[in-house]
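Beneath this line is the structure, given in structure tokens, with notes to follow.
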Amino acid sequence: MDKVRDWMSQPPICAPETMTLPEARRLMHKSRIRRLPVLDSAGRLTGIVTEGDINRISASQAHDVREYNLYHRAADLPLRDFMTRPVITVGPDEPIIAVAQLLLRHRIGGVPVVEGDRVVGVITESDLFRRMVEREAAAE
């Protein structure tokens, strides 16, 4: 039976919780990812930020809102102020079908893979789809 470790993307691209919204957007764009695990200063997973989270706070996908309510500027927002927590995670030895069911049940596109207190990868619906297509092509 296939395990998460065989299908996950690694090494994970993570961000410190002090990273600002525009920095996170640039990192995600440059890395071609749609979710970003957020780590505290000790390297522990504390939250996750998705492309959707960033777009909800921004005026558009191209430019950040300069005003985020009366008190904050979106450009100054650290990830810890708008990240999702707690984070749904899986372990590297989880069966791949369990991850697919988890993504469907929670209506999410991916989750960090955690071993102990370290993020060791990320598994997304794109990873699942890509691997299924590769397997079918190899079988033909």
So do the side chains of Glu17 and Ser41 get within less than 4.5 Å of each other, counting heavy atoms only?
-> no

Consider only side-chain heavy atoms of I, L, V, M, F, W and Y, link residues closer than 4.5 Å, and tell whether [X] and [Y] are in one cluster.
X	Y	result
Ile123	Ile33	no
Ile88	Ile96	yes
Met132	Val122	no

Using every non-hydrogen atom in the two residues, find where [X] and [Y] come nearest and quote the distance to one decimal.
X	Y	value
Pro92	Lys3	O-CB, 3.7 Å
Arg80	Thr18	NH1-CG2, 3.2 Å
Asp127	Trp7	CB-O, 3.6 Å
Met8	Val120	CE-O, 3.7 Å
Ile13	Pro37	O-CD, 3.3 Å

First locate atom [atom1] of [X], then atom [atom2] of [Y], and finally report the distance between them rounded to the nearest 0.5 Å.
X	Y	atom1	atom2	answer
Phe129	Thr124	CZ	OG1	11.5 Å
Cys14	Arg35	SG	CZ	13.0 Å
Glu125	Arg130	CD	CZ	11.0 Å

Starting from Val114, walk the hydrophobic network (Ile, Leu, Val, Met, Phe, Trp, Tyr; side-chain heavy atoms closer than 4.5 Å) and list everyone else you reach, by chain and number.
-> Leu39, Leu45, Ile48, Val87, Val119

Under the 4.5 Å side-chain heavy-atom rule for ILVMFWY, direct or indirect, which residues accompany Ile97?
->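 Reading the cluster by chain and number, Ile97 sits alone, since nothing else belongs.
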
Should the heavy atoms of other residues, nucleotides or ligands under 6.0 Å from [atom1] of [X] be counted, would the total exceed 12?
X	atom1	value
Arg32	CZ	no
Arg131	CZ	yes
Glu136	CD	no

Could you pull out all residues at least two apart from Asp93 that satisfy salt bridge (Lys or Arg N to Asp or Glu O under 4.0 Å)?
-> Arg5

Establish, from distance only, whether the side-chain atoms of Thr46 and Asp40 form a donor-acceptor pair under 3.5 Å.
->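 Side chains of Thr46 and Asp40: no pair found under 3.5 Å.
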
Matching residue for Met83 among Val38, Thr50, Asp53 - test: side-chain contact (heavy atoms from CB on, under 4.5 Å) |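 One option only clears the test, and that one is Val38.
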
Test applied, side-chain contact (heavy atoms from CB on, under 4.5 Å); reference residue, Val49; option that passes from Thr84, Leu21, Leu79 =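 Testing Val49 for a side-chain contact (heavy atoms from CB on, under 4.5 Å) against Thr84, Leu21, Leu79 leaves exactly one candidate, Leu79.
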
